[in-house]
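Throughout, protein chains are lettered first and strands after them, A, B, ... in sequence-line order, and every chain is numbered starting at 1. Hydrogens, waters and symmetry mates play no part in the numbers below; they use all other heavy atoms, side chains included.
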Number of protein chains: 2
Amino acid sequence: MSLKFGVLGLLKGEPLHGYEVKNRFEAMLGGTWEVNIGQIYTTLQRLERDGLVRPIGRRGDRGKLQYELSPEGHRALDHWLAQPDSGPQQLHEDIYVKLLLATRIANGNLQQLLGRQKRAYLQRLRDLNRLEERARRDGRVDLARLVRGALLHTEADLKWMDELSSERFGAEEGARTE
Amino acid sequence: MSLKFGVLGLLKGEPLHGYEVKNRFEAMLGGTWEVNIGQIYTTLQRLERDGLVRPIGRRGDRGKLQYELSPEGHRALDHWLAQPDSGPQQLHEDIYVKLLLATRIANGNLQQLLGRQKRAYLQRLRDLNRLEERARRDGRVDLARLVRGALLHTEADLKWMDELSSERFGAEEGARTE
DNA sequence: GCTCGCATACATACTCGGCATACATACTGA
DNA sequence: TCAGTATGTATGCCGAGTATGTATGCGAGC
């Protein structure tokens, strides 16, 4: 979903062809999101099909085909930007299902699972800190802001793990379903 | 991804047919995840194709077809459970792209965007609180734990929004890419 | 007490969007 | 000339949603 609007956003301002879109997008994300080139082209085709984008002129240089935003494209982009993001739907993430299943079938190793998970989050914290530092060094204030968000998320995850592992488990009353 | 292993996890313990899997899954998630019925069947077929699951006997009652875990299915499930979850890849979420684009093209309304986003998170906090209360009332301790995780996430998002909106914007140095 | 209609249990088929791999082809510089 | 980069197409998997189909069961009314 966000790739679609990412492309739209990049096309606002100046027309680009697919390969360029890929590079700009990755640069905008500071190397934290490598996009598959094929996906860029299918995205552009679908945007064209939906009338949000249209090709400019004939194919140039080496088959390059530039696209520009249509008026509807502008509108769609503005609307998306104005809309608060609802994020990934509530509890649809793997970790939740994993916890539930671990609670009901692997009663013994729940603590193990929590420990491993905690270590993974700590590692991510370190990665993100490095990333933030690099972003600041490069003058990419906007990127650093994003990383800050991811850091806060990861800290929340850690806190969660700590809360969970200090609960007294056993006598699980919650694992019934029928 | 988590649906696949959710199904595996439910099948560990007792064989089920598709419709039943759907109901158990939704019950396990306490109504926070309504699965599409079609997806259950395709998931089961793929699991069968991959040898993680196999049908039991002939179709019974009203065409019901039950599935059970194969030995490889057990192994795959255990492996998945033992593996720390890496979560959705770092900065691949919509909100990040939205922030970046808003920074570079809608310089004026960034504060607006932050405000709207904050309100959305507050609303989510309220929803989650209600959900947690209900889970506890129903004796679903396991579910309440998940909701707690989601609450911590949302609080982190709010904190992030607060940090961002108290920055002094303008003089954006970070929005260059080329 | 039978039947019509609706709900529910159970399943398949089709479609679309995201995403990845593989392939093709032109250019460019050592 | 050969490696690499720039640029694009084709194809396929997977997650997810919609539409459709067929049994069974159940209540309302004649």
If each of A:W33 and B:H17 is mapped to the nucleotide of DNA chain C with the nearest heavy atom, which maps nearer the 5' terminus, i.e. the 5' end?
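This one resolves to B:H17.
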Would you mind checking if [Y] and [X] are paired as a salt bridge, meaning a charged N to carboxylate O distance below 4.0 Å?
X      : Y      : result
B:E132 : B:R136 : yes
B:E155 : B:K159 : no
A:E14  : A:R24  : yes

From [atom1] of [X] over to [atom2] of [N], roughly how many Å is that when rounded to an integer?
X     : N      : atom1 : atom2 : answer
B:L65 : C:dT12 : CG    : C1'   : 13 Å
B:Q66 : C:dC10 : CD    : P     : 10 Å
B:E34 : D:dG15 : CD    : P     : 20 Å
A:E20 : D:dT5  : CD    : C1'   : 15 Å
A:Q45 : C:dC16 : CD    : C1'   : 15 Å
A:R24 : D:dA6  : CZ    : C1'   : 15 Å
B:Y67 : C:dC10 : OH    : P     : 14 Å
A:L44 : D:dG8  : CG    : P     : 9 Å

So which nucleotide from [options] ends up closest to the side chain of [X]?
X     : options                : result
A:R46 : D:dT9, C:dC19, C:dA9   : C:dC19
B:Q39 : C:dC19, C:dA11, D:dA16 : D:dA16
A:N36 : C:dC10, C:dA20, C:dT12 : C:dA20

Does one side chain, of B:Q123 or B:D127, offer a donor that lies under 3.5 Å from an acceptor on the other?
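Yes - a donor-acceptor pair under 3.5 Å links their side chains.
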Do we see a donor-acceptor contact under 3.5 Å between the side chains of A:Q112 and A:R116?
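Side chains of A:Q112 and A:R116: pair found under 3.5 Å.
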Has A:Y41 got a side-chain N or O lying under 4.0 Å from the OP1 or OP2 atom of D:dT9?
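Answer is no, no contact under 4.0 Å.
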Near DNA chain D, counting only heavy atoms under 4.0 Å, which residues of residues 49-56 of chain B show up?
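Going residue by residue through residues 49-56 of chain B, the ones with a heavy atom under 4.0 Å of DNA chain D turn out to be B:R49.
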Which comes earlier along DNA chain D counting from the 5' end, the contact point of B:T43 or that of B:G38, where each point is its nearest nucleotide?
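Closer to the 5' end of DNA chain D: B:T43.
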Aromatic rings A:W33 and A:F25: how do their planes relate, parallel, tilted or perpendicular, breaks at 30° and 60°?
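Perpendicular: the ring planes of A:W33 and A:F25 meet at over 60°.
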Parallel, tilted or perpendicular, as decided by the 30° and 60° cut-offs, for the rings of B:W80 and B:F5
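It falls in the parallel class, under 30°.
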